[in-house]
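Report on one structure; see the data block that follows.
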Amino acid sequence: MALREQQVELAARVSLHDALPCPLRRIAGLDVGFEDGGATTRAAAVLIDARTGSVIEQHVARIETRMPYIPGFLSFRELPALVEALAMLSSTPDLVFVDGHGVAHPRGLGVAAHIGVETGLPVIGVAKKVLVGEFEEPGPMPGDRTPLLYKGQRIGTVLRSKLRCRPLIVSPGHRVSHETAFEQVLVRLAGYRLPEPTRLADRLASRRDAASRA
DNA sequence: GCGACAG
DNA sequence: ATCTTGTCGC
């Protein structure tokens, strides 16, 4: 079966309804990086205590890259490593933040949405650039936002997370509403453009963090 | 046909 | 994503 047909089927399983535990206990951040000029895919998973914000544990999964990057099909390239890293966590997170789009995708299945339907966990997609859709530039203040529209439908939120920084594109991955998605990102901002879960996973995935340089 | 195109 | 130091600006 062709990949785009798989996307359409998987996308039909995505839920935009909130299904998160009231007091969130643990949240996770996921991101991918590459080594050996792309031959090796490196996925990072960071587990954070939702109440204190402290890191509980973090892992890195490294596997052979199986597919090239094709716009619109990113999840098939990164999913294997991401699932591997997620499985390394000793406890399941109540909410997962993924670097990339959720439903803000041509066929509604960005990496965040793909991981969501694959694991059944609540997921939020946090991307740095738009893939598809139109929007009005949001105001300059952190928290300012405008809806991302595509074919007459809302597919995400263009969110200003930091002053003088390009806005983030936030979209539900699975079991989360548009409202909850950007609100959760706002709550996890710690003075940086990216929310903590994604920011920390990003540093671990790309090998420019203190730990891997040791 | 031309340009755009998450990471 | 990745190759890569310093540098301009707030």
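Order of the sequence lines sets the chain letters (A, B, ...), proteins ahead of strands, with each chain counted from 1.
- DNA chain C contains no stems of three or more consecutive Watson-Crick or G-U pairs with both distances under 3.5 Å.
- Judged by a 6.0 Å distance limit and a 45° cone about the ring axis, A:Arg77 is not positioned over the six-membered ring of A:Tyr69.
- When the options A:Leu186, A:Val187, A:Val170, A:Leu168 are evaluated for a side chain to side chain contact (heavy atoms under 4.5 Å, CB included) with A:Pro195, the one that passes is A:Leu168.
- Residues forming a salt bridge (charged side-chain N to carboxylate O under 4.0 Å, His left out) with A:Asp202 (at least two apart in sequence, or on another chain): A:Arg208.
- Annotation: A:Phe76 is in aromatic contact with A:His114 [ring centroid separation under 6.0 Å].
- The closest side-chain donor-acceptor pair between A:Arg154 and A:Thr157 falls under 3.5 angstrom.
- Checked by atom type, the side-chain pair A:Asp18/A:Ser177 shows a donor-acceptor distance below 3.5 Å.
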- When you look at A:Asp99 and A:Lys128, which way does the salt bridge (charged side-chain N to carboxylate O under 4.0 Å, His left out) test go after all the steps? CA-CA 8 Å; A:Asp99 186 301; A:Lys128 309 179 203 65; 2.8 Å; yes
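- Looking at A:Arg42, its side chain never comes within 3.5 Å of a backbone N or O of A:Gly33 through a donor-acceptor pair.
- Remark: the A:Thr146 side chain and the A:Glu137 side chain contain no N/O donor-acceptor pair separated by less than 3.5 Å.
- Judged by distance alone, the side chain of A:Arg193 and the main-chain N or O of A:Arg166 form a donor-acceptor pair under 3.5 Å.
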- Note on the structure: Letter by letter from the 5' end, nucleotides 1-7 of chain B scores (B base, S sugar-phosphate only, - none; protein heavy atoms under 4.0 Å) ----BBB
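- Stem list for DNA chain B (at least 3 consecutive Watson-Crick or G-U pairs, distances under 3.5 Å) is empty.
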- Using a cut-off of 4.0 Å between protein heavy atoms and nucleotide atoms, how would you tag nucleotides 5-10 of chain C 5' to 3' with B, S and -? -----S
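- For the atom pair CG of A:Leu148 and CD1 of A:Ile169, the computed distance is 6.0 Å after rounding to the nearest 0.5 Å.
- The side-chain contact (heavy atoms from CB on, under 4.5 Å) check on A:Ala85 picks up A:Ala43, A:Ala45, A:Ala61, with sequence neighbours excluded.
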